[in-house]
Amino acid sequence: MHVVTVPNKNDRMCTAVVQNFENWHVQKWMRQGATGGGLVPTEPLRVVNRGMNNKGGRAFKVPSEDNIRKHWKTLETFFSNFDVVVAKLKPIAEKVAIKNTVIVMTCNMGQSELLMNFVCNAKAKGLDVSNVLVFPTDQETKDLAEGLGLATFHDEMNFGALPKGEAKHYGDRAFVAMMFAKVVCVQMINFLGYDLLFQDVDVVWYKNPLEYFHDPTNEFHGFDMYFQDDGAHTIRYAPYSANSGFYYIRNNPETKYFLTSLLYAGDLILTSNSHQQALIQVMTEHASQFGMKVKVLSRDMDEFPGGWHYNRHKKDFMKSVAKGEIVPYIFHMSWTTNKVNKVKYFKQMGEWYTGDQCVQHTQDEILGDGVHESGELINSCCLAKPNIVCFYRDKPSKIPCTDSPPIDNGKPSFW
């Protein structure tokens, strides 16, 4: 049986089944002029980019020669040092793995308070983070992560040129540069033979998510890869809408080749300014050609909510989370413009467990100069109870914030 999925829209679009040599790709045809452009009803049908809209805009662009050459240089460094780097990584991964699974995170100094809050939040809830392995991209973040009791691997050969500052907004230069770190860290852990859970630092846990992925009675247990639903069901992310900030991958030949192929496709990330878009493009082909089994955990499930629920669509659901009536596994503060707002939203939701005195400070600035022990920052920086602060009345909150201003003009109060 061949299955073709089409959007549930009112667009005037036909789907044709034509007898020919077997083809596993669905082509998009549009009435368009010979030199390109938008929809012209009087022109004949022509094959177009699958991401082309009626005005001629393209969601998918080929990398420029400049981006191709930039990526070649990056790959040259990676391959030249691969065996040395992996040999150093191997004993660290062996030490932290539980049930052959490593939880992978990467972070720079600009995002360090989000990493700190993840740990402090988990500690306050009694959740085990001992199999988290952080790939810091600078020495300051390495020190902070170890001060929080986490295992680290600082890959100076590949990450030495990455920025220390946080991304000011989605898709800026710092954001795109950090995407390479997201590709490399999971590729190496997977190549060493481990299952892995990757998560961005803007995630907090309510329960350990590995309980879900390791449960053999789970109705979705037989998949190779699991992704949080991004929520943005646009052509850029079709057909999966997989969020690349929270996913679980089982180790097998299919996932190993997929992550290696994604490494090769770094020029797509440079071109699209999106790790997520490039990942879905490569994953779609691997799922079709090699039978790699991918499960996107629907945004309508209670277990893995994120910024789509917070910022756009799920007011009743977010109220149930705030009241404790629904306890998901995690919350991912995606769909949020920048780190400043992520911190505000976590505080407003009662999920901020980091003392202000530790935010954007190095370990030595917090504890003083000297030699420090692993985990020493916990007592200095982690709060036993959340720091709940109201900022915006129109955003989900743990307590009513009706006296605060709205962030979006015209939006009513959440409570």
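These figures come from a predicted structure and were not determined experimentally.
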Just checking [X] against [Y], ring centres under 6.0 Å apart?
X	Y	answer
F317	H309	yes
Y257	H286	yes
F118	W205	yes
Y310	Y345	yes
F304	Y212	yes

- Charged tip of K295 within 45° of Y226 ring normal and under 6.0 Å: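 Checked: cation-pi criterion not met.
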- Query: Y392 ring centre to K344 NZ or CZ under 6.0 Å, with the angle to the axis within 45°?
  - Reply: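 Checked: cation-pi criterion not met.
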- Non-neighbouring partners of D408 that pass side-chain contact (heavy atoms from CB on, under 4.5 Å), sequence neighbours left out: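 D408 satisfies side-chain contact (heavy atoms from CB on, under 4.5 Å) with D394, K395, K411 once adjacent residues are dropped.
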- Item | Side chain S413, main chain W415, donor-acceptor under 3.5 Å |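 The answer is yes, because a donor-acceptor pair under 3.5 Å joins these two groups.
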- Looking only at atom types and distance, does a side-chain atom of S397 sit under 3.5 Å from a main-chain N or O of R393, one as donor and one as acceptor?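 Flag not set: sc S397 to bb R393 has no pair under 3.5 Å.
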- Query: Could you go step by step and tell me if Q32 and R46 meet the side-chain hydrogen bond (donor to acceptor under 3.5 Å, both in side chains) rule?
  - Reply: CA-CA 6 Å; Q32 182 189 55; R46 306 178 193 274; 5.5 Å; no
- Heavy-atom check, side chain of V134 versus side chain of T106, under 4.5 Å: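 Not in contact.
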- Taking the six-membered ring for Trp, are F213 and Y248 parallel (under 30°), tilted (30 to 60°) or perpendicular (over 60°)?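 Rings of F213 and Y248: parallel, under 30°.
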Are [X] and [Y] linked by a side-chain donor-acceptor pair shorter than 3.5 Å?
X	Y	answer
E303	Y206	no
D215	H221	no
E285	H25	yes
T152	K142	yes

- Query: Considering only the SG atoms, does C382 lie under 2.5 Å from C120?
  - Reply: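 Yes, C382 links to C120 through a disulfide.
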- Task: Only one of F227, Y247, F246 passes ring-ring contact (aromatic ring centres under 6.0 Å, His included) with F198; say which it is.
- Result: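 Of all the options given, the one that passes is Y247.
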- Candidate list D229, V296, L279, D230, test side chain to side chain contact (heavy atoms under 4.5 Å, CB included), partner Y240, passing option: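 Exactly one option meets the side chain to side chain contact (heavy atoms under 4.5 Å, CB included) with Y240, and it is V296.
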- Residue pairs, two or more places apart or on separate chains, that pass ring-ring contact (aromatic ring centres under 6.0 Å, His included) and touch residues 69-88: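 Qualifying pairs: F78-F82, F82-F191.
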Indicate every side-chain donor-acceptor pair of residues 53-61 with a distance under 3.5 Å to a residue at least two apart or in another chain.
{"unit_1": "N53", "atom_1": "OD1", "unit_2": "K55", "atom_2": "N", "d": "2.9"}
{"unit_1": "N53", "atom_1": "OD1", "unit_2": "G56", "atom_2": "N", "d": "3.0"}
{"unit_1": "N53", "atom_1": "OD1", "unit_2": "G57", "atom_2": "N", "d": "2.8"}

